Amino acid sequence: MSGLSRRHLLVGTGATAGLAFLSSRLEWAAAATGNPFTLGVASGDPLSDRVIIWTRLAVDPFAVASPGGMGTAPVDVAWEVAKDTAFASVVRSGTATTTAAGGYAAHVDVTGLAAGTAYYYRFHTRSGTTTYTSPVGVTRTAPALGTKPAGLKFLTASCARYDEGYYHAYQAMAEDRPDLILFLGDYIYEYPTETGAIRPLRSIPKIAGPDSRGSAYVDTLVEYRMRHAEHKTDKQLQAAHAAAPWLVVYDDHEVRNNWYAENTADTTLDRKQAAFQAWYENMPVRMAPPAAGSIASYRRVPWGTLARFDMLDTRQYRDKQAGALACSVIDDAGRTLVGNAQEKWLLDGFKDHTPQWNLIGQQVFFSPKQNSTNHCDVNTDAWDGYRPERDAVANGWVAAGVRNPVVLTGDVHRHYAANVCRTSNLNDPIGAELITTSISSTGIRGTEGDPTISASPNVLYGKNWRGYIRCTVTASALTADFRCVDDVNKASYADVRVFTDKTFVVQDGARRLTPA
């Protein structure tokens with residue numbers, strides 16, 4: 001995103017030897033003692049010369065009186081970026097000021113980096129005479145503009161409900177050592193602990209707020225911060241964040257299930273502002289903080305001339321979902337899922353033929369997917385509920401001559417592989433879609449295939465495993481491995497099996513999936 005001021009992002013300064021740059025504000029109130037790096041580190045939104053590095057200070061992640069138990073005074077955090085794990089060759093360093101209003105989060109936009117290069121980063125701060133150092137993260141810049149790398153390995157993931165299973169998929173993702181990780185929504189859930197939870201959620205003290213559904217649901221800034229903190233303290237999630245830069249988008253559960261643009265009694269402006277603020281504080285993103293219950297989150301990230309990621313927002317601008325079998329609403333060309341401005345931005349981007357692979361990171365099922373022979377028996381929360389706009393986007397990439405459109409999706413808690421088709425012809429592929437299952441949401445519910453696939457000939461595969469998708473991109477093909485975890489109920493990673501259940505390939509220029 002462009003037009004950000006220095007108050008939004010802390011920009012990297014030149015390298016300084018050792019830790020001589022530690023300032024007095026690295027010392028916080030004596031009452032807040034202990035390691036403040038309990039939530040780990042992360043990086044994201046890499047460009048060819050810069051990347052965001054992130055941490056959030058929290059000596060007590062579940063404190064109510066102040067964010068992370070850090071008090072109220074500003075605290076400076078020192079940071080370093082190096083070429084080696086020992087930090088003998090520090091290339092950039094500086095300090096970032098964190099505040100109570102910002103949840104003691106640091107978003108440092110480290111500039112002046114070499115393109116297509118791996119770096120190591122860490123943070124420091126001090127309490128009294130004790131200096132604390134964060135875990136070390138690995139990040140990577142994008143290739144130089146105008147250059148084509150030999151390959152790209154990225155992962156897609158979504159839907160990590162904490163109480164429905166352990167985060168073994170995150171651990172496997174870290175071990176895959178990708179160049180990039182895309183998280184496609186539902187990083188947290190606003191729900192209370194379900195009955196019979198695998199690992200019950202921490203009880204959150206209720207703070208007065210606009211929740212109309214009952215006191216057990218998350219709805220205020222303090223509560224959203226605490227729910228994010230519960231996820232962030234998970235070591236497997238921390239490992240995935242520390243392993244590679246992330247591109248992150250939100251879906252519905254970061255705010256409220258199935259929310260849409262209109263402010264309602266259940267999803268008030270205050271609640272949206274609180275949810276966006278907590279999400280921003282906890283994500284390694286390059287964007288302005290939210291204001292007045294809105295956040296500008298859709299953006300592009302190029303990967304040389306090999307690929308480009310267009311990351312969408314399918315929640316903030318959408319019309320209310322249609323009712324069941326409401327054909328007249330589903331087929332209303334005046335309704336929108338992404339909003340007119342974002343749709344134009346996406347269509348205009350298709351006219352740029354620089355990337356060989358156009359990778360569209362977004363939240364909900366894009367391809368047509370019927371549940372029966374009834375034309376309107378569809379998931380109205382997905383693009384099927386906004387069919388004219390879906391067809392306009394797909395027709396837009398065809399008209400623009402996009403060579404390799406691939407939609408990357410989450411949301412539905414199952415693996416799917418689908419060919420993108422127009423609503424009118426499910427046997428004429430014009431693109432490919434890879435839908436990742438959940439990290440843990442839905443837990444273990446069997447491994448059966450999807451019985452509705454026969455109603456949609458463009459949907460080639462569906463399985464009810466937990467896991468993620470691993471994609472390898474070259475000039476000749478995109479290969480997608482549907483990675484699965486056999487049991488998220490088991491606490492020990494050593495006791496589970498991680499495997500590839502199915503592999504699909506998109507050949508250069510084919511605009512369709514074929515089984516490997």
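Because the structure is a prediction, the values reported are computed rather than measured.
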Worksheet item: Do R466 and Y167 have side-chain atoms, one donor and one acceptor, less than 3.5 Å apart?
Response: no

Item to complete: With sequence neighbours excluded, tell me which residues meet disulfide bond (SG atoms under 2.5 Å apart) with C376.
Response: C327

Practice prompt. Calculate, to the nearest 0.5 Å, the distance between atoms CD1 and OG1 belonging to I469 and T437 respectively.
Written response: 9.0 Å

Worksheet item: Judged by modelled atom types alone, do D186 and S158 share a side-chain donor-acceptor pair under 3.5 Å?
Response: no

Fill in: Whether H415 side chain and R483 backbone form a donor-acceptor pair below 3.5 Å
yes

Worksheet item: Are D270 and Q273 linked by a side-chain donor-acceptor pair shorter than 3.5 Å?
Response: no

Worksheet item: Can you check side chain to side chain donor-acceptor pair (under 3.5 Å) on S456 and Q370, steps first, answer last?
Response: CA-CA 6 Å; S456 293; Q370 295 177 201; 5.6 Å; no

Fill in: ring-ring contact (aromatic ring centres under 6.0 Å, His included) partners of Y317, counting only residues at least two apart
none

Discussion item. I'd like to know whether the aromatic ring centres of Y493 and Y166 sit less than 6.0 Å apart in this structure.
Written reply: no

Discussion item. With rounding to the nearest 0.5 angstrom, report the CZ to CD distance, F37 to Q238.
Written reply: 12.0 Å

Worksheet item: Which pairs with one or both residues in residues 333-344 pass salt bridge (charged side-chain N to carboxylate O under 4.0 Å, His left out), sequence neighbours excluded?
Response: K344-D348

Fill in: pair T139-Y121: side-chain heavy atoms closer than 4.5 Å
yes

Discussion item. Using side chain to side chain contact (heavy atoms under 4.5 Å, CB included), reason through L57 and V75 one step at a time and then give a plain yes or no.
Written reply: CA-CA 9 Å; L57 303 181; V75 176; 3.8 Å; yes

Practice prompt. Please examine the side chains of V364 and L337, heavy atoms only from C-beta on, and report whether any two atoms are closer than 4.5 Å.
Written response: yes

Discussion item. Has D60 got a side-chain atom pairing as donor or acceptor with F62's backbone, closer than 3.5 angstrom?
Written reply: yes

Discussion item. Once rounded to the nearest 0.5 Å, what's the spacing between atom CG of L513 and atom CG of L434?
Written reply: 5.5 Å

Fill in: With Y386 via ring-ring contact (aromatic ring centres under 6.0 Å, His included) - residues at least two apart
none

Discussion item. Under the rule for ring-ring contact (aromatic ring centres under 6.0 Å, His included), what residues qualify as partners of Y189, not counting sequence neighbours?
Written reply: H253

Item to complete: Would you please name every residue forming a salt bridge (charged side-chain N to carboxylate O under 4.0 Å, His left out) with E164, sequence neighbours left out?
Response: R161

Item to complete: For D411 and Q363, test the side chains for any donor-to-acceptor distance below 3.5 angstrom and give the result as yes or no.
Response: no

Worksheet entry | Minimum-distance pair of heavy atoms, taken over all atoms of V51 and L113 | CG1-CD1, 4.0 Å

Discussion item. Under a plain distance cut-off of 3.5 Å, with no hydrogens placed, do R256 and T267 share a side-chain donor-acceptor pair?
Written reply: yes

Practice prompt. Using ring-ring contact (aromatic ring centres under 6.0 Å, His included) as the criterion, list what pairs up with W357, not counting sequence neighbours.
Written response: none

Worksheet, complete the sentence: To the nearest 0.5 Å, atom CG of N282 lies from atom CD1 of I188 at 8.5 Å

Worksheet item: Given the rule in the salt bridge (charged side-chain N to carboxylate O under 4.0 Å, His left out) test, do K320 and E262 qualify, once you have shown the distances and angles that lead to the verdict?
Response: CA-CA 8 Å; K320 184 177 180 179; E262 181 183 349; over 6 Å; no

Worksheet item: With sequence neighbours left out, what residues match A101 under side chain to side chain contact (heavy atoms under 4.5 Å, CB included)?
Response: T99

Item to complete: Could you grab the distance from atom CD of Q362 to atom OG1 of T409, nearest 0.5 Å is fine?
Response: 4.0 Å

Practice prompt. Sort and list the pairs that fulfil salt bridge (charged side-chain N to carboxylate O under 4.0 Å, His left out) and have at least one residue in residues 226-246, not counting sequence neighbours.
Written response: R199-D234

Worksheet item: Which is it for D219 and R271 under the salt bridge (charged side-chain N to carboxylate O under 4.0 Å, His left out) test, yes or no, and what are the steps along the way?
Response: CA-CA 6 Å; D219 71 314; R271 183 173 186 171; 5.8 Å; no

Worksheet item: Are the aromatic rings of Y461 and F482 close, with centres under 6.0 Å apart?
Response: yes

Item to complete: May I ask you to check whether H168 and Q236 show a side-chain donor-acceptor distance below 3.5 Å?
Response: yes

Worksheet item: So, T423 versus D391: side-chain donor-acceptor pair below 3.5 Å or not?
Response: yes

Worksheet entry | Geometric cation-pi criterion R315 and Y260, 6.0 Å radius, 45° cone | no

Fill in: From H107, R50, R286, R299, residue fulfilling side-chain hydrogen bond (donor to acceptor under 3.5 Å, both in side chains) relative to D45
R299

Worksheet item: Who pairs with A42 by side chain to side chain contact (heavy atoms under 4.5 Å, CB included), at least two apart in sequence or on another chain?
Response: W54, H241, P284

Discussion item. Quick check against the 3.5 Å criterion: does S43 have a side-chain atom that pairs as donor or acceptor with the backbone of I53?
Written reply: no

Worksheet item: Got I360 and W397 here, is their nearest side-chain heavy-atom distance under 4.5 Å?
Response: yes

Item to complete: Can you run down the salt bridge (charged side-chain N to carboxylate O under 4.0 Å, His left out) pairs that involve residues 165-182, sequence neighbours left out, and say none if there aren't any?
Response: R140-D179, D176-R470

Worksheet item: Taking only residues two or more places apart in sequence, or in another chain, which ones meet L269 in a side chain to side chain contact (heavy atoms under 4.5 Å, CB included)?
Response: N263

Discussion item. Within the 4.5 Å heavy-atom criterion, are L182 and W246 side-chain neighbours or not?
Written reply: no

Worksheet item: With side chains defined as the heavy atoms from C-beta onward, is the minimum distance between P200 and D163 less than 4.5 Å?
Response: no

Practice prompt. Check each of N379, T380, D381 against Q321 using the side-chain hydrogen bond (donor to acceptor under 3.5 Å, both in side chains) test, and report the only one that passes.
Written response: D381

Worksheet item: What do the steps show when you test E433 against V406 for side chain to side chain contact (heavy atoms under 4.5 Å, CB included), and what is the final call?
Response: CA-CA 6 Å; E433 183 174 16; V406 180; over 6 Å; no

Worksheet entry | Expected output: side-chain T500 to main-chain K502 donor-acceptor under 3.5 Å | no

Practice prompt. With the side chain counted from C-beta on, respond yes when L359 and D310 share a heavy-atom pair under 4.5 Å apart, and no when they do not.
Written response: no

Practice prompt. Answer yes if the ring centres of F365 and W383 are under 6.0 angstrom apart, and no otherwise.
Written response: no

Response to the item:
From the list V407, L408, L312, side chain to side chain contact (heavy atoms under 4.5 Å, CB included) with F366 holds only for V407

Discussion item. Tell me whether the rings of Y250 and F276 are parallel (<30°), tilted (30 to 60°) or perpendicular (>60°).
Written reply: tilted

Worksheet entry | Row check, W259 ring normal vs R318 NZ/CZ: under 6.0 Å, within 45° | no

Fill in: Flag side-chain contact, heavy atom, 4.5 Å: Y191 against L201
no

Discussion item. Quick one about T442 and H413 (side-chain donor to acceptor, distance below 3.5 Å, no hydrogens or angles considered), yes or no?
Written reply: yes

Practice prompt. Verify, without hydrogens or angle tests, whether K272 (side chain) and A261 (backbone) share a donor-acceptor contact under 3.5 angstrom.
Written response: yes

